[in-house]
Amino acid sequence: MLVGLCGKTNVGKTTFFNALTLANAKIAPHPFTTIKPNEGIGFVRVKCACKEYGVNCTPRTGFCLKGERFVPVKVMDVAGLVRGAHEGRGLGNKFLDDLRRSDVNILVIDASGLTDSEGNPCQQGLYNPLEDIKIVMDEFSFWVNSILKEKWRRIIGKLIQEPTSKIDKILFQELSGLGLKKEKIKKAIDESRLTDKKPQLWSGNDLLKLSRKLVEHGKPFIIAANKSDVSQSEDNIKKIIKKGFNVVPTSSEAELALKRASSKGIIEYIPGDPDFKVLKGKLPENLLKALKTIKRTVLDKWGSTGVQKCVDKAVFEVLNYLAVFPVEDEKHLTDHEGKTLPDVYLVPKGTTAKQLAGQIHTDLQETFLFAYLVREKRKVGADYQLKHRDIIKITAARGRK
Ligand SMILES: Nc1nc2c(ncn2[C@@H]2O[C@H](COP(=O)(O)OP(=O)(O)OP(=O)(O)O)[C@@H](O)[C@H]2O)c(=O)[nH]1
Ligand SMILES: [Mg+2]
């Protein structure tokens, strides 16, 4: 699972990345600070089963804070872009190449509207942050379009050579580097109204339309309306929501400050929470002031910094994944080493009990007998489709559990 962070330059992608991973990647108030992608481990937040069962969990990876489980996911922050990136402007299209690997992308925008299309500071009202979304979607689409155009003769050639082959299958093979799923390609063709038109007759315009749809469906996005702490952001965020975009207001700067203060033991803060608690009695005046500002301009206003919410939504809503707790001992919720609720698996919706067994161990899938839902206290078969937060025990033949 790889979550990509993309967007116009100077909008706060790296700040968002640092806030998620507590890395120290370079942040600066000017365009094109990030050149090479930063990769690290962030977390999605899941209500842990430990609280419900009154046990202390011992996570093998990630951690649990007061019954909130933080499950690792890979995060990648790439170079920022400007208009014309697909033709090499700014830092060019290398970032598009990097994003080929991501499963879901968080498109970070500067909701304050105080940076222009080139990422330079500008006065309020001169730039509409909705453009930040359009720039990214356009550049992605133009890039896919250029790949499609480059390969088009070959694609048509294949279609002529193998008349029984379908265009979606050939596109799937030829565009394999983009990491698009076959059904998404089919959907893109349908929505471009090209299903009944012979590919040999598709025009340049048709290909561009298809490229846009491939981007829309192939690489799912959620928008982080960043810099929500800046007063100018509020109206812009309302406008973006009104347009129907899937958007989460975020302040990556506030999240980073809270995480750092928490790691130093200054405050108690659970990422995603609407509040924090000051732990150290006497804080320097400037620190206290900064924390109060975060409380007033971000937490009280938006309900949280939004950073955690955005990643959770990207994984659980946009990508449609769910989290499950496999255990080997249904009474104690432990594995064979006695670790309590040691693992949380992130799997796509529709994953069956037997497929989960395969993710745990290939042996377990091959010798799968049945599964047991701990909460519901009932046996289920191989085809049982997992639900979010299932606690599940898998029983296999030959004594392997
Ligand atoms: N007010 C405010 N400023 C932010 C926020 N997030 C980032 N910034 C500031 O925005 C500027 C750019 O931040 P970066 O994280 O370097 O942005 P980027 O998108 O990675 O930029 P490039 O790598 O240059 O494309 C820095 O001055 C940050 O401090 C935020 O949530 N609120
Ligand atoms: Mg950066």
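Both ligands and their constituent atoms are indexed starting at 1 by order of listing.
- Contacts of Ile27 with ligand 1, taken as heavy-atom pairs under 4.0 Å, involve both backbone and side chain.
- Residues Pro271 and Val307 have side chains not in contact (no heavy-atom distance under 4.5 Å, counting atoms from C-beta outward).
- Per-residue contacts place Thr34 under 4.0 angstrom from the following atoms of ligand 1 (heavy atoms of the residue considered): 20 (O), 22 (P), 23 (O), 24 (O).
- For Ser228, no nitrogen or oxygen atom sits less than 3.5 Å from a nitrogen or oxygen atom of ligand 1, counting backbone and side chain alike.
- Between Ser228 and Ile237, some side-chain heavy-atom pair lies under the 4.5 Å cut-off.
- Here the heavy atom of the protein found nearest to atom 32 (N) of ligand 1 is Asp229 OD1, 2.8 Å.
- The side-chain hydrogen bond (donor to acceptor under 3.5 Å, both in side chains) with Tyr384 is formed by just one residue from the set Thr351, Thr352, Asp390; it is Asp390.
- Residues Phe316 and Val46 form a side-chain contact, since some pair of their non-hydrogen atoms from C-beta on lies under 4.5 Å apart.
- The number of protein N, O or S atoms lying under 2.8 Å from the Mg ion (ligand 2) is 2.
- Shortest contact from atom 25 (O) of ligand 1 to any protein heavy atom: Thr9 OG1, 2.7 Å.
- Below 4.0 Å from some heavy atom of Val230 lie the following atoms of ligand 1, by number and element: 1 (N).
- Under 4.0 Å from ligand 1, not a single heavy atom of Ala254 appears.
- Contacts between Thr14 and ligand 1 below 4.0 angstrom, taking non-hydrogen atoms only, involve backbone and side chain alike.
- Proximity of Pro31 to ligand 1, defined as any heavy-atom pair under 4.0 Å, is confined to the backbone N, CA, C and O atoms.
- With respect to the salt-bridge test (charged N to carboxylate O, under 4.0 angstrom), the residues Lys339 and Asp335 do not qualify.
- Tyr127 and Glu118 share no donor-acceptor pair across their side chains, judged by distance under 3.5 Å alone.
- Partner of Tyr269 under the side chain to side chain contact (heavy atoms under 4.5 Å, CB included) criterion, chosen from Leu258, Leu279, Val278: Leu258.
- The existence of a salt bridge linking Glu328 and Lys393 is excluded, since no basic side-chain nitrogen approaches an acidic carboxylate oxygen closer than 4.0 Å.
- No hydrogens or angles considered: nothing links the side chains of Gln232 and Asn236 as a donor-acceptor pair under 3.5 Å.
- The protein heavy-atom contact nearest to atom 10 (O) of ligand 1 is Lys227 NZ, 3.4 Å.
- Using a cutoff of 4.0 Å between basic side-chain nitrogens and carboxylate oxygens, Arg101 and Glu39 are scored as salt-bridged.
- For atom 29 (O) of ligand 1, the candidate residues are Lys26, Lys13, Glu253, His30; the nearest heavy-atom contact is made by Glu253.
- Taking the six-membered ring wherever Trp is involved, the centroid distance between the rings of Phe140 and Phe221 falls below 6.0 Å.
- Not a single heavy atom of Glu255 sits less than 4.0 Å from an atom of ligand 1.
- Using cut-offs of 30° and 60° for the angle between ring planes, the Phe70 and Phe63 rings count as parallel.
- A cation-pi contact, defined as under 6.0 Å to the ring centre and within 45° of the axis, links Lys182 to Phe172.
- Looking from atom 24 (O) of ligand 1 to the surrounding protein, the closest heavy atom is Thr33 N, 2.6 Å.
- Residue Ala79 has no N or O atom closer than 3.5 Å to an N or O atom of ligand 1.
- Ring geometry, Trp202 versus Trp152: the interplanar angle falls under 30°, so the pair is classed parallel (tilted spans 30 to 60°).
- In terms of protein heavy-atom proximity, atom 12 (C) of ligand 1 is closest to Asn10 OD1, 3.0 Å.
- Of all protein heavy atoms, the one closest to atom 7 (C) of ligand 1 is Thr15 OG1, 3.3 Å.
- Between Lys8 and Asp132, at least one side-chain N (NZ, or NE/NH1/NH2) sits under 4.0 Å from a carboxylate O, which counts as a salt bridge.
- Ligand-side atoms of ligand 1 in range of Gly80: 25 (O), range being under 4.0 angstrom from any heavy atom.
- Of the protein's non-hydrogen atoms, the one nearest atom 17 (O) of ligand 1 is Gly12 N, 3.0 Å.
- Heavy-atom proximity to Ala28, at under 4.0 Å, picks out these atoms of ligand 1: 11 (C), 12 (C), 13 (O), 16 (O), 26 (C), 27 (O).
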